[in-house]
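One structure is given below, encoded as structure tokens.
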There are 2 protein chains.
Amino acid sequence: MSLPDQLRSRGYRLTPQRQLVLEAVTTLGHATPEAAHAWIVDRSPGVNLSTIYRNLELLEELGLVNHAHLSHGAPTYHAATAPEHVHLVCRRCGTISSLDSDAVEPLVGMLRAEHGFHADVGHLTVFGECATCAKMYARDE
Amino acid sequence: MSLPDQLRSRGYRLTPQRQLVLEAVTTLGHATPEAAHAWIVDRSPGVNLSTIYRNLELLEELGLVNHAHLSHGAPTYHAATAPEHVHLVCRRCGTISSLDSDAVEPLVGMLRAEHGFHADVGHLTVFGECATCAKMYARDE
DNA sequence: CTACTTGCAAACTCTTTGCACCATA
DNA sequence: TATGGTGCAAAGAGTTTGCAAGTAG
């Protein structure tokens, strides 16, 4: 269902700001509220940060975007249309890479079968050390 | 190595506050800075929140405690002496359960073998819906 | 027209920092 | 007694909210 229909069917209105927020998240791929705001202000000055927050929340409620917590607190949003993926975050260099959800299917299946737990894969973030940093710091510490 | 030795060997001092912070985290199991502070003030009034923050940071640097991000931003600390575990957080009821790290060993091994990524399992949190909530909401939405 | 939205500014929460006094080693 | 540590208060980041003016339907 398209954004206008999604909105109207629930009594919300279609505003330029809402379209921009969705567009920003879709285009940026991994967008913090701050980053989305910067992208939007670039093409439409005057849009307020609080509007970004309100609309990210709304779009998430509608299921059009999701968020995950990469690093210390800054939530990162992606469009729900993007293929679902797991994040790998390197705590040394901060690099964020994506991993197809299929790769964690065994884990998800096990959690469901043995613990009845329905994991939200799109929200899953694995912290650690990326290949590059692991090599670089191999002999330290 | 004990706390006093850990500290002294790096030129830090042993203070009652530091002992309390470590004790709070060990006792509480899952402690936010705020929770640790409450626990400490209970037995030693006057200890400041900023001291808790400073010492949690220090203890983590020494490898005596670890933290994970459960829910929206509030970091949760555990003693490093506790067995390493993964957190399962239910986004409906907020229940936090633990899962032995062995259970995710296949995933960790795969990440290392195929992506060179060294996952920090103790920091891993899986969000989703617990068995109870999954049943309760099965027919909604 | 009416109710939903927005911009703006203030309020909030969580965390960090500067500084003078205090206490460990 | 020489640092390193603490309490206190103020400053910061990130996010939320109240309200009057604006606008989609």
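All values reported here derive from a predicted model rather than from experimental measurement. Every chain is numbered from 1 and lettered A, B, ... according to where its sequence line falls, protein lines coming before strand lines.
Summarising the geometry, the separation between OH on B:Tyr12 and C1' on C:dA23 is reported as 18 Å, rounded to the nearest angstrom. Distance A:Leu7 CG to C:dT5 C1': 12 Å, rounded to the nearest Å. What separates CG of B:Leu3 from P of C:dA25 is a distance of 11 Å, to the nearest Å. Taking atom CZ of residue A:Arg18 and atom P of nucleotide D:dT23, one finds them 15 Å apart after rounding to whole Å. Remark: P of D:dA13 and NE2 of A:His69 are 21 Å apart, rounded to the nearest angstrom. Rounded to an integer number of Å, the gap from A:Arg10 CZ to C:dT5 C1' is 18 Å. In this structure, the NE2 atom of A:His37 is 13 Å from the P atom of D:dT15, given to the nearest Å. Distance CG (B:Leu14) to P (D:dT6): 10 Å, rounded to an integer number of Å.
Contact annotation: B:Gln17 side-chain N/O to D:dG7 OP1/OP2 distance is under 4.0 Å. A sub-4.0 Å separation between OP1 or OP2 of D:dT3 and a side-chain N or O of B:Arg13 is absent. Under 4.0 angstrom from either OP1 or OP2 of D:dG7 there lies at least one side-chain N or O belonging to B:Thr51.
For B:Val47, taking side-chain heavy atoms from C-beta onward, the closest of the listed nucleotides D:dG25, D:dG4, D:dG7 is D:dG7. Each of D:dG25, C:dT6, C:dT24 was ranked by its minimum atom distance to the side chain of A:Arg8; first place goes to D:dG25. Taking every side-chain heavy atom of B:Pro33 into account, C:dT15 is the closest of C:dT15, D:dG5, C:dA25.
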Pick out the pairs of N or O atoms, protein on one side and nucleotides 16-20 of chain D on the other, that lie under 3.5 Å.
unit_1, atom_1, unit_2, atom_2, d
D:dG18, O6, A:Arg54, NH1, 3.4

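By the 30° and 60° cut-offs, the orientation of the rings of B:His69 relative to A:Phe127 is tilted. Below 30°, between 30° and 60°, or above 60°: for A:His78 and A:His87 the angle between ring planes is below 30°, a parallel geometry.
Listed for the A:Thr26 side chain is a donor-acceptor partner under 3.5 Å among the backbone atoms of A:Leu22. For the pair B:Ser44 (side chain) and B:Val41 (backbone), a donor-acceptor distance under 3.5 Å is absent. A donor-acceptor pair under 3.5 Å is absent between the side-chain atoms of B:Arg10 and the main chain of B:Gln6, judged by distance alone.
A continuous path of hydrophobic side-chain contacts links A:Leu88 to B:Val121 [ILVMFWY only; heavy atoms under 4.5 Å].
Side chains of B:Asn48 and B:Thr51: a donor-acceptor N/O pair is absent below 3.5 angstrom, by distance only.
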